[in-house]
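In listed order, ligands and their atoms are each counted from 1. What you see below is based on every heavy atom in this structure, not just the backbone, and it leaves out hydrogens, waters and symmetry mates. Quick caveat, the model's predicted, so the values are computed rather than measured.
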Amino acid sequence: MNKKYRRCIIAGNWKMNRTPSQVRGFVEELRGAMPASLRGCSVVLCVPATHLHALSSLRSRRIAVGAQNVSEFESGAHTGEISAEMLRDLDVRYCIVGHSERRQDNHETDKMVSAKVCALLDKGITPIICVGETLEQRERELTLEHIAYQVKAALSGLNAEQVRRCVIAYEPVWAIGTGRTATAGQAEEVCYAIREMLRTRYGALISRKVSILYGGSMNGDNCAELLAQPDIDGGLIGGASLRSGEFAKIVAAGCAE
Ligand code: 13P
């Protein structure tokens, strides 16, 4: 396997933080702090739906617009929901799907995750599909089994060409927002297993091209070791993406790979 076939993606997940009027200032700071050349590394900011217009109207060529959720339905009587077409109209390029916080708080099922992935691909938006085990599952040595189940469910019904357009983020639930990062070895083991699964189901060509990210307490200090792993192609960053200097440090580590 070779990293040169895949894109490094450093994606910030702002979760439910900041306000739309803070977007411009943050982006200016981030632009100033990022390396002059991104060397093919994609930088994405996944902001709340209310912030998307502010971010996309900046028309930054160096920072792609990302959303945090999408409706699995195309249009119609779904009060409060936002469709993939609406996201595309705002130049959204990436959208997080199946984050563990949504699986928990909003009872998002594997079936809904799969429908959302299809809705996004249909409109040319890259889904960032989140999978991850709980601490209990890890302690019971069910990690790889659980991850395989979640990945298969999220990709069910897709052909190989559609799978190639997906991004998968491994986010162990116990590492999210806890300051307890997976070791580089633990993260690599799971990301490698995901790639192996993609290889057996969709072939070597596809598995070589799908970017697999790690997320869970990634920060400016631990990012280099994680991003240096052969099957980790980037990061999905929560807390540290709210601080422009720290996020830029992670971007720089991604560009160095
Ligand atoms: P933290 O980086 O705050 O642990 O969050 C990770 C995450 O959930 C990104 O989606």
| query | Should you measure from each heavy atom of E171, which atoms of ligand 1 turn up under 4.0 Å away? | reply | 6 (C), 7 (C), 8 (O), 9 (C), 10 (O)
| message | Is it the case that ligand 1 has an N or O less than 3.5 angstrom from some N or O of E101? | response | no
| note | Separation between CD (Q186) and CG (L226), nearest 0.5 Å, reads 10.0 Å
| remark: A student checking ligand 1 against K15 at a 4.0 Å heavy-atom cut-off should list atoms 5 (O), 6 (C), 7 (C), 8 (O)
| Got an N/O contact under 3.5 Å between G177 and ligand 1? | yes
| message | I176 versus ligand 1: do any nitrogen or oxygen atoms come within less than 3.5 Å of each other? | response | no
| field | Salt-bridge criterion met for K3 and D231 (N-O under 4.0 Å) | value | no
| field | Sub-4.0 Å atoms of ligand 1 with respect to non-hydrogen atoms of A175 | value | 4 (O)
| When rounded to the nearest 0.5 angstrom, what distance separates CZ in R243 from CD in E29? | 12.5 Å
| CD1 of I129 to NE2 of H99: how many Å apart, nearest 0.5 Å? | 14.0 Å
| message | Is there a polar contact, in the sense of an N or O pair closer than 3.5 Å, between L236 and ligand 1? | response | no
| task | Within a distance under 4.0 Å of any heavy atom of G216, pick out the atoms of ligand 1 and give their elements. | result | 4 (O), 6 (C)
| query | Do the side chains of L213 and I9 get nearer than 4.5 Å, heavy atoms only? | reply | yes
| task | Please confirm whether A240 comes under 4.0 Å of ligand 1, counting heavy atoms of the residue only. | result | no
| task | Identify, by atom number and element, the atoms of ligand 1 in contact range of H99, meaning under 4.0 Å from any of its heavy atoms. | result | 7 (C), 8 (O), 9 (C), 10 (O)
| task | Show which atoms of ligand 1 fall inside a sub-4.0 Å distance from at least one heavy-atom site of S217. | result | 1 (P), 2 (O), 4 (O)
| request: Output the list of atoms in ligand 1 that are nearer than 4.0 Å to some heavy atom of G238, sorted by atom number. | output: 1 (P), 2 (O), 3 (O), 5 (O), 6 (C), 9 (C)
| Angle class for the F73/H78 ring planes (parallel below 30°, perpendicular above 60°, tilted otherwise)? | parallel
| Atom NZ of K209: over 12 foreign heavy atoms under 6.0 Å | no
| request: Please step through salt bridge (Lys or Arg N to Asp or Glu O under 4.0 Å) for the pair D233 and R195, ending with a clear verdict. | output: CA-CA 11 Å; D233 307 309; R195 199 175 309 285; 2.8 Å; yes
| query | Between E81 and T79, is a side chain to side chain contact (heavy atoms under 4.5 Å, CB included) present by the stated rule, with each step listed? | reply | CA-CA 6 Å; E81 292 294 312; T79 303; over 6 Å; no
| message | Can you name the atoms of ligand 1, numbered from 1 with element, that are less than 4.0 Å from a heavy atom of G239? | response | 1 (P), 2 (O), 3 (O)
